Amino acid sequence: MEEKGISRLEFDQNVDSSQPTVGIPLALHSLEWGIFWAHLFAELGFSVVFSPRTNTKLALSGVESMTAETCFPVKVFHGHVRYLVERADVLFLPNVINMPTPPEEEGGFFCPLVQSSQYMVRAALNIPHQRIIRPNLYLREGPQHLAEPFYHSIPHPFRPSWLKLERAIEKAWERQELFRRRVFSRGEEILRETPVGEPLWIITGRPYNLHDERLNLQLGRHLAKLGIRAMPMDFLDVGSEDLSDFPRMYWGLGAKILRTAKRIARTSNWYGIHLTNFSCGADSFIEHFYRHIMQSKPSLILELDEHSAVAGLLTRIEAYRNVVNNMQQKSLAAAYGVETDFEALCQ
């Protein structure tokens, strides 16, 4: 449902008229954890609104508000917050420190700019601190450790009881996990539907790139128009992948990217595209590890920012498609002992 350009939740909210409207920017961590944030505040009786999907105007608004040079996703985040400042009573801008990890010993940390995003945007837009709900959240510790930071960050006049907050967190976490399982289920369906021998492109990257069509220049739509079968890494459950050869992997999303790369490298008809940004410090390291895992298997790394254009994106995709098709043809020829017309095989 759209009302005055604001993306409202598509489920019934038990709104308490005495509670303020909470604005959640649909950027950075919210592209992965927005379901948890939204259901939590809805369970507490708040009216919840998201900012709209990123467009050129919103992105430019963020770029213009910057007080320091950052990666493009952080600039876009500023635009989303700027949009909500006059459309919500309070803003939910948490300091999200880390994310759940498959083995407990992993750090699972978000990048420092994601962790500190609320400090930057609050200074840039001069937002009063009383208008911000900003808990320090260690998601890796699980829902049982989230009640205290949420409790103390909600303004006192609107603060729920401890028991109500714990129940709301539990329900919202369950909804987040349910969504995650549904995404994995859809990924399994896509794998079953993929014909044997047909290439499947797996797109790795951070959720705020993979699932924002302004940041990824509508990559998914372009691949579909070209007849390329592709799937984001979030549709794969790679938690069981062994990452012991990277024992000090600090970044949570970096670990997920490398686990996905390992699955791609050992699956004959899978090919990898890694979507990233210029000025991404964490990915400047991850890209080297990604290529190391792929070894001789061809892959494509796409670095995008506010200056990137679709024409350049398509040129690189089409060139990579030729490489993939040639490799698949050679693989099939080796398997069957004959030359194979790959294009005809896929029709």
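These numbers come from a predicted model, not from an experiment.
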Can you tell me if [X] has over 12 outside heavy atoms packed within less than 6.0 Å of its [atom1]?
| X | atom1 | value |
| --- | --- | --- |
| Glu104 | CD | no |
| Phe285 | CZ | no |
| Glu86 | CD | no |

Any side-chain donor paired with an acceptor under 3.5 Å for [X] and [Y]?
| X | Y | value |
| --- | --- | --- |
| His274 | Ser299 | no |
| Asn216 | His211 | no |
| Asn209 | Asn277 | yes |

So does [Y] get a backbone contact from the side chain of [X], meaning a donor-acceptor N/O pair under 3.5 Å?
| X | Y | result |
| --- | --- | --- |
| Gln176 | Glu32 | yes |
| Tyr271 | Val323 | no |
| Arg259 | Asp237 | no |
| Thr267 | Asn269 | no |
| Arg82 | Ser61 | yes |
| Thr260 | Lys256 | yes |
| His80 | Gly62 | no |

Checklist entry - Pick from Phe50, Phe46, Phe158: which one makes a ring pair (Phe, Tyr, Trp, His ring centres under 6.0 Å) with Phe41? => result Phe46

Item to check | ring pair (Phe, Tyr, Trp, His ring centres under 6.0 Å) partner of His29, the single match among Phe36, Tyr208, Trp37 | outcome: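 One option only clears the test, and that one is Trp37.
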
So, do [X] and [Y] sit near enough that their side-chain heavy atoms are less than 4.5 Å apart?
| X | Y | value |
| --- | --- | --- |
| Met120 | Thr67 | no |
| Arg131 | Asp89 | no |
| Leu243 | Leu258 | yes |
| Tyr138 | His145 | no |
| Arg134 | Pro94 | no |
| Met231 | Ile203 | no |
| Trp162 | Glu148 | yes |
| Ile127 | Val81 | yes |

Do [X] and [Y] belong to the same hydrophobic cluster, where Ile, Leu, Val, Met, Phe, Trp and Tyr are linked whenever their side-chain heavy atoms lie under 4.5 Å apart, directly or via other members?
| X | Y | answer |
| --- | --- | --- |
| Leu275 | Val183 | yes |
| Leu223 | Val310 | yes |
| Leu178 | Phe184 | no |
| Val238 | Phe179 | yes |

Next on the checklist: For Arg140 and Met99: C-alpha separation, side-chain torsions, deciding distance, then whether side chain to side chain contact (heavy atoms under 4.5 Å, CB included) applies.
Outcome noted: CA-CA 5 Å; Arg140 189 172 72 91; Met99 58 183 286; over 6 Å; no

Item to check | Met327 vs Lys330, side chain to side chain contact (heavy atoms under 4.5 Å, CB included): CA-CA, chis, key distance, verdict | outcome: CA-CA 5 Å; Met327 187 166 185; Lys330 291 179 181 179; 5.8 Å; no

Item to check | Verdict with supporting geometry, Ile228 and Val324, side chain to side chain contact (heavy atoms under 4.5 Å, CB included) | outcome: CA-CA 11 Å; Ile228 297 169; Val324 169; over 6 Å; no

Item to check | Intermediate values then yes/no, side chain to side chain contact (heavy atoms under 4.5 Å, CB included), Phe77 and Val114 | outcome: CA-CA 10 Å; Phe77 173 76; Val114 173; over 6 Å; no

Item to check | Check ion pair Arg186-Glu193 (N to O, under 4.0 angstrom) | outcome: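 Yes.
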
Checklist entry - Yes or no on ring-ring contact (aromatic ring centres under 6.0 Å, His included) for Phe289 and Phe246, after CA distance, side-chain angles and deciding distance? => result CA-CA 9 Å; Phe289 301 147; Phe246 295 93; 5.3 Å; yes

Item to check | Ring centre gap for Phe110 and Trp251 strictly below 6.0 Å | outcome: no

Item to check | Centroid separation His39 to Trp173 less than 6.0 Å | outcome: no

Checklist entry - Between Arg180 and Trp33, is NZ or CZ placed under 6.0 angstrom from the six-membered ring centre and within 45° of the ring axis? => result yes

Checklist entry - When you measure from the centre of the six-membered ring of Tyr83, is the NZ or CZ of Arg87 under 6.0 Å away and within 45° of the axis? => result yes

Testing the basics here: between [X] and [Y], what is the closest heavy-atom pair and its distance to 0.1 Å?
| X | Y | answer |
| --- | --- | --- |
| Ile286 | Arg206 | CG1-NH2, 4.4 Å |
| Ile24 | Phe92 | CG1-CB, 4.2 Å |
| Glu166 | Ala147 | CG-CB, 4.0 Å |
| Pro143 | Ile169 | O-CG2, 3.7 Å |

Next on the checklist: Is the ring pair Phe109/Tyr250 parallel, tilted or perpendicular, if the boundaries are 30 and 60 degrees?
Outcome noted: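 Parallel, since the angle between the ring planes stays under 30°.
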
